[in-house]
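Below: one structure, written as C-alpha cells.
Numbered from 1 within each chain, the chains take letters A, B, ... in sequence-line order.
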Amino acid sequence: MKQYDHLKIEKKWQKEWEAKKVYKTANPGKMKKHYVLDMFPYPSGAGLHVGHPRGYIASDVYARMKRMQGFNVLHPMGFDSFGLPAEQYAIQTKKHPGPFTEKLVELYKKQLEIIGFSYDWSREVATHRPEYYKWTQWIFLKLYDAWYDQTKDKARDISELVKIFNKNGNENVNAVCDQNTPTFSAKEWKQMSEMEKQNMLMKYRLAYEGYSEVNWCSKLGTVLANDEIVDGPDGKPVSERGGFGVEKKSMRQWFMRITAYADRLLSGLEGLDWSSHIKEIQKNWIGKSEGSEISFKIVSGDKKDLDNPLGRRTDLGSITVFTTRADTLFGVTYVVLAPGHLFLENIKTRISNWKEVEKYLDVIKNKSEEDRIKEGEKTGIELKGIMAINPANGEVVPVWIADYVLANYGTGAVMAVPAHDERDFEFAKKYKLPIRDVVAKMIGEHHHENNIRDVAEGVIIKDDQVLVMEYKNQYGLPGGGIEEGETPEQALLREIREEIGYTDVEIVEYLGQANRYYFSDRDQKKKVRHAYGYVVKILSNKKNPTAPHEIDKPVWLPISEAIQKVQQSPIYYQSNFIDRAFSGMGQCFVDNGVLIQSGQFDSLTSEEARKKITEFVGGKLITKYKMRDAIFARQRYWGEPIPLSTDKDGIIHEVKKLPLKLPNVKSYEPAGTGESPLAGVKDWVKHGYETNTMPGWAGSSWYFLRYMDPKNKSAIASKQAIKYWKDVDMYVGGAEHATGHLLYSRFWHKFLKDIGIAQTEEPFKALRNQGLIGGADGRKMSKRWGNVINPDEIVKTYGADTLRVYEAFMGPFDQSLPWSTESIIGSRRFIEKVWRMGEKTILASHNSFQKGPRVARAGLSGKSGLDQTVFEKNSAALKKVLHKTIKKVTEDIANFNFNTAVSAMMICANEMEKAEYVSVEDFKKFLQILAPFAPHASEDLWRELGEKKSIHLSEWPLYDKKKIIDDTITIAIQVNSKVRAEISIPIDMSENDLKKLVLENPATKQWTEGKEIKRIIHVKGKLVNIVIA
RNA sequence: GCCGAAGUGGCGGAAUUGGUAGACGCGCACGACUCAAAAUCGUGUAUCGCAAGAUGUGAGGGUUCGAUUCCCUCCUUCGGCACCA
C-alpha cells in the first residue's frame, strides 16, 4: 500500500496543474460566469501567518465547487503593494521600495502556492506596477473631469457643466458642490479670469483640491495618521514614535466628493447579499437623516427687556438651524451656535459680554475635540445683548455658544429643546435653562372620559427609604387624580391621607410636570393628562385611623431599589419623577409622540407635525449625511502620483501621457515641510507636478475590474470582458474594511458605471467576512507575543490538505477563533483515513475485473465470500449516507458553512469504513466532494482509480433525492415533555396508528398508569408528547 | 454613552419556521493488536447519583404541553460609532 506522503503528492499535483493550466480561465467563456474574489493582501515583510489563508481557503473551496458545477470561474489573486511598510524600508535602507516590494510579492506567491489554491496566476495584478497604476491615474483624471448632476442622479463630464455655465450661469444647476458656492450668471461666468473659473469648477469636480486639518508633528516634520498618535504623560496628544507634540494644522489636500453618492451608496445596500452587520456599519457611516432647516431671526435685546414690544428691537439678520425634530419647535428655550460660527463675526459689536465670549472661544480652541468628548462635560456661554425669535410662536429666547454643537454638521447651529433632546437637556440642567414639554408619550389604550384626569404623584421619603405602592407585582408612586377645584398639592396630600394614612407631611420640592396622551372612548379624541410630581417628607408617624388602600399595598424600600422598581413600571412620568427627585436629572422624552403646548398643532403626531410645522414657519425639508468627502492625498513617496501639474500662473493641467511614473529620489524621508518627498525632487517640481500621492485605497478601489482583462493596454479592461464578467459574485475578506475599502470601491464602481465603463451599479453582489485566527494564548497573532504560526510549517508537517481541512473545520467562518496546535491532528487523521480507504478501493477495483466492472467492490474489512444480497443491502444503506452527505456538503459550501460540511464528510467516511463494501463509483463521488477541501490527496486517489482528467475538472456529483428518503424514522415519546422512550416507525405511518402504538408502549404505560391523559401532541416525524394531569 | 453580534462539556464547536441539547473533532480513560512503543481499531466521556432518576445551553423572570431558539431585566466578551441636533 502506498504511504500517504503529503510532501510528494502535493508537489506533484501542483506541478501538474500548472503544466496543464487546469485553473486557467477562459475570457470570456461560453459557460455561465462566476467571479470569486479574495481581498488581495498587502505583501508585508512579516509574511503570512495561519490566519491569513482562512479566507483564501474558503473562497478556494467555494470556487472549486462552482468550477466543478460547470461555471466559468474567475478566481484571481494579486497584491495591494503600495504602502507604508515598504516606504519605511526605503527610508531606512535608502533603497527604492520597488524591487523590495517585488521580492515580497514573490515570497507571498510562494507561500500561497504551496497551499494549493486554484488561482489563475496569469491574471495577477500589483497596484505598484506602472502598467497597473496607469489606470488608477486614468480613473483619477476621469473623476477630476466630472461633476455630479443631482437631477439626472449621475456623474457627468465637466465640459458639459462649462457649457451650461456659458449659457445660463449656475442658477439652475442642481449639482453636488461646495457649500459656499456663489450664484452667478452666464455673463458673470464669462467675465471670470481663467483662475477664477478654475476655482469655481473646483467646487464641482468629484476629485477636487481643498484644505483640511491634519495632525502635524513639527519635530518629526511629518503628518501623522490618527493611529500614529498616543496620549502623552500629561494627556496631550504626542507622536507614537518619539513622543513629540502634535498639533492641528490646515494643509492642502485632494478630496473625493463621495458625498455626491451618499444616497446611492445607502440605497444600493438593500439588494446586496452581505452580512447585515456590515451593512449596518455602512449605514451608520453614511448617516442619513431627514430633517428641516428653520430660520430664527436674531434681534438686539436682553433678558430683562423680554416684555418689550418687538418694534423696539433691531433686526440683526437670522441664523438657520438644522433639526430632525421640527415637531418640537414650540419647546425651544434657547438657540445654540457652534464655536466659530460665521454669524459671530457679524454681530460681535452687539454682544455686550464679547470679552468673556472671546475668552471662552480661546479656551475651546486649545482643547482638542477628543479631550472635550473625554471630559464629557458640555460647556457654553450666553451671548448677551442678542436674542432669537422662535418663528413658530414669536417667543424671544436667548442665544448661546456651546462646544456640544458641531461646526461641520448641519448648519452649525441648533435649536435647543431640552425636554426632548438628551444633550440639550443636560446642558439646560447645568445652566438652569427652562425646559418645556411639547411632546407627550402616546399610549395605545382607550380610556373612559372620567379616567382622564390630571394626577399628582409623590416621592415620599423617610430615613433613606422611599414609599412605593405595590400592585400585582408592579410598583408605582403614591398619588392619584386631582378632583375638581383642587390644586395638585391638595390632591396629593389628600391621596396620602386616604391611601396610606400619614397626616403629618410636608411637600418639600416640586419636581415639575409631565404629560401623557390618552384616547377617550366617549368622543374618540386624544387628550392629555398632566402629571405633577413632588417630593414629600414625613414629619411624624401620625396616622389617620382609616384603613389603608385595599388593592395597592404601600411598601418602604431603600432608595436604589425603589428607583429600580419604579423605573420598570409602565408609567413613564413616575419613573421620571423618581429620577428627578434623586439624581436631579430625570429623563427627557426623546421618542415620537403627540404634540401638546404647541398651539394649533396640538394633538398631531410627531410625524405629522414635522412637516406641517416646517411649512408653517417657512422652513425647508432637507436630507443630511454624516459622511464627509474623503481625503485623497498622502504626503508620502510610495503611492500613485497624482497626474496633474500646475503652471507658473497657477493653472492646473492634466498629465496627458500616462502613467506618470514615480521618479527616482535620493531620499525617501519626508520633506520636513509636511510635503511628500517628491517636493524635494527638482525635476518633478520643475514640471509643476503634484507632490501629493494617492492614498492606499486608490489602487484597491477598482482592482476587481482589472482582473477581468489584466493585460489590456488601451483600457481598464475591454468592454467585452466587463460585459461578460460584470461584477463579483462572491467576495471574501475581513470585516475591518467595512467603512474603508468596501465603501470606496462601491463609490468608484458607481462612478465608473456613470461614465459607461462598469456594467452594474454594485461591484460585489455577495460578501462573506472571515473571523480572525488568534494565537493559542488567545491574543492576537503577532511577533510581539511570539505566538505566530506560519502556514509553511503546517504545510510541511501536516500537508496543505490538512491545513485546508482544519481551517475549514475549526468553527464558523465568520467567527474569530484561537489557533489550536493540538486539534489539527484530527483533520490529518481524517485525510489519512480517506487515504487508507482509497488504497483499499484501488486494490479492490483491480481485483474486481474478474467479476465484472459494474460490481467493483472493496472489501475493507478484509473479509470475503459474502453473497450478493449482503452486498446490495450494505450498499443501499451506505448510498443513503453518501447521498445525504453530497446534499449537505453542496449546500454547506454554498452557505459558507464549511465546518459542518467537513463534519458531514467525516461522518460519511466513518460509515464507509465500517461498511463491508464500498463501490468504486461511490468512493469516487466521495472524493469529488472532498476535492475542494483536500485537492491534492483527492486528485491522487482519483487518478489512481483510473481517471485521466483532473478531479477538479470533473462534474460535481448530484445527490439522488430518492436515495436519501428514510423508510423508517425514530420518534421520541415524551410524557409531560420529558423523553421517556424512542420507537422506530415506518415513515408513512398514520397519526392514529402512531398514537395507538405510543399508548401501548410499556415505557409510556409506566409513566401514564392511573393518570388522566389531557392531551396528546404529535409533531410529525419528531415526537409524540403525552400531557398528563 | 449609543448601536450591533455573541455567551452551550476539560477545549473548538453542532442543533433555532419553538420539538430527543452536546453531532463532528481535540483531549482524557480503559481495552484490542504488539516483546514493547508509535500508528490504527473498539468502548466510554455534561453534572449529581450505586441506581431509579434529577439537574443542565451567562444570571434572573415570563409566554408555552414543550425554550439554546421567542419576550423582559441584568451580567460578561467582542466589534462599530463618538455630542451628527
Side-chain angles (χ1 to χ4, degrees), chain A residues 275-285 287-289 291-292 321-326 328 336 338 369-370 372-374 376-378 402-406 408-417 420-424 426-427 473 564 567-568 590 624-628 735-736 738-739 769 771-772 805-806 809-812 814-827 829-830 832-833 836 897 899-910 913-914 970-982 1014-1028:
Chain A
S275 78
S276 56
H277 173 235
I278 300 279
K279 285 197 206 176
E280 201 58 35
I281 291 176
Q282 289 209 350
K283 226 187 234 169
N284 290 342
W285 184 264
K288 180 177 182 168
S289 56
S292 317
V321 301
F322 175 69
T323 179
T324 53
R325 293 299 302 272
T328 63
V336 201
E369 198 160 308
E370 293 103 67
R372 275 194 291 117
I373 293 161
K374 235 181 261 163
E377 186 85 349
K378 296 175 172 53
D403 58 0
Y404 77 95
V405 175
L406 301 174
N408 54 1
Y409 183 77
T411 60
V414 302
M415 57 180 228
V417 187
H420 304 292
D421 181 276
E422 299 265 7
R423 296 150 302 186
D424 298 341
E426 201 185 306
F427 193 77
N473 276 330
Q564 210 190 340
Q567 274 176 345
Q568 282 169 22
V590 296
K624 293 261 178 210
Y625 299 92
K626 266 199 268 190
M627 186 170 62
R628 295 288 131 77
E736 67 274 19
T739 53
N769 306 110
L772 302 171
V805 168
Y806 180 58
F809 181 61
M810 283 177 85
D814 56 358
Q815 196 174 305
S816 290
L817 296 164
W819 179 262
S820 165
T821 321
E822 286 183 335
S823 299
I824 192 171
I825 190 71
S827 302
R829 283 182 195 149
F830 166 62
E832 282 176 359
K833 183 180 285 182
R836 280 196 307 275
N897 294 324
N899 54 331
T900 48
V902 173
S903 165
M905 287 188 293
M906 284 173 168
I907 293 168
C908 184
N910 290 345
E913 199 181 36
K914 268 185 232 159
T970 308
I971 296 282
I973 300 176
Q974 293 185 339
V975 179
N976 276 359
S977 308
K978 295 232 161 79
V979 181
R980 298 301 181 188
E982 279 176 4
K1014 280 177 142 182
R1015 229 173 122 187
I1016 297 175
I1017 294 152
H1018 173 226
V1019 182
K1020 202 163 177 256
K1022 297 268 159 113
L1023 55 83
V1024 175
N1025 186 14
I1026 301 162
V1027 184
I1028 57 170

Determine, step by step, whether K833(A) and N910(A) satisfy the side-chain hydrogen bond (donor to acceptor under 3.5 Å, both in side chains) criterion, reporting the C-alpha distance in whole Å, the side-chain angles of both residues, the deciding distance to 0.1 Å, and the verdict. CA-CA 9 Å; K833(A) 183 180 285 182; N910(A) 290 345; 2.6 Å; yes
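Residue I971(A) is classed as having no contact, given no heavy-atom separation below 4.0 Å to the nucleic acid. Using a 4.0 Å heavy-atom distance criterion, E280(A) is classed as making no nucleic acid contact. Residue contacts for S827(A): at a heavy-atom cut-off of 4.0 Å it reaches no nucleic acid atom on any strand shown. Residue contacts for P818(A): at a heavy-atom cut-off of 4.0 Å it reaches no nucleic acid atom on any strand shown. Residue-level contact check: L1023(A) touches the bases, meaning some heavy atom is under 4.0 Å from a base atom. Residue K978(A) is classed as a sugar-phosphate contact, given heavy-atom separations below 4.0 Å to backbone atoms only. Residue K1014(A) is out of contact with every strand shown, counting any heavy-atom pair closer than 4.0 Å. Contacts of E736(A) with the nucleic acid, taken as non-hydrogen atoms under 4.0 Å apart, are absent. S820(A) comes within contact range of no nucleotide atom at all, as no heavy-atom separation falls under 4.0 Å.
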Got a list of protein N/O to nucleotides 62-67 of chain B N/O distances below 3.5 Å?
from   : atom 1 : to       : atom 2 : distance (Å)
C65(B) : OP1    : R1015(A) : NH1    : 3.4
C65(B) : O2'    : S977(A)  : OG     : 3.1
C65(B) : O2     : N1025(A) : ND2    : 2.5
G66(B) : O4'    : S977(A)  : OG     : 2.8

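For N910(A) and G25(B), the shortest distance from a side-chain N or O to OP1 or OP2 is below 4.0 Å. Distances shorter than 4.0 Å separate none of the side-chain N or O atoms of N899(A) from OP1 or OP2 on C24(B). For C78(B), the OP1/OP2 oxygens have no side-chain nitrogen or oxygen of S816(A) closer than 4.0 Å. In terms of phosphate contacts, R980(A) brings no side-chain nitrogen or oxygen within less than 4.0 Å of OP1 or OP2 of A52(B). Close to A85(B), at under 4.0 Å from its OP1 or OP2, lies no side-chain N or O of Y404(A).
Shown here, G9(B) is classed syn by the O4'-C1'-N9-C4 or O4'-C1'-N1-C2 angle, which is within 90° of 0.
In this structure, the nucleotide among C24(B), U40(B), A85(B) sitting nearest to the side chain of I907(A) is C24(B). Closest to the side chain of R829(A), out of C81(B), U20(B), U40(B), is U40(B).
Atom NZ in K914(A) sits roughly 7 Å away from atom P in G42(B) (whole-Å rounding). Following rounding to the nearest Å, K283(A) (NZ) and C2(B) (C1') show an atom-to-atom distance of 17 Å. As a whole-Å value, the separation of F830(A) CZ from C26(B) P is 12 Å.
By the 30° and 60° cut-offs, the orientation of the rings of F427(A) relative to Y404(A) is tilted.
Side-chain contact between W819(A) and Y806(A) is present, with at least one heavy-atom pair separated by less than 4.5 Å.
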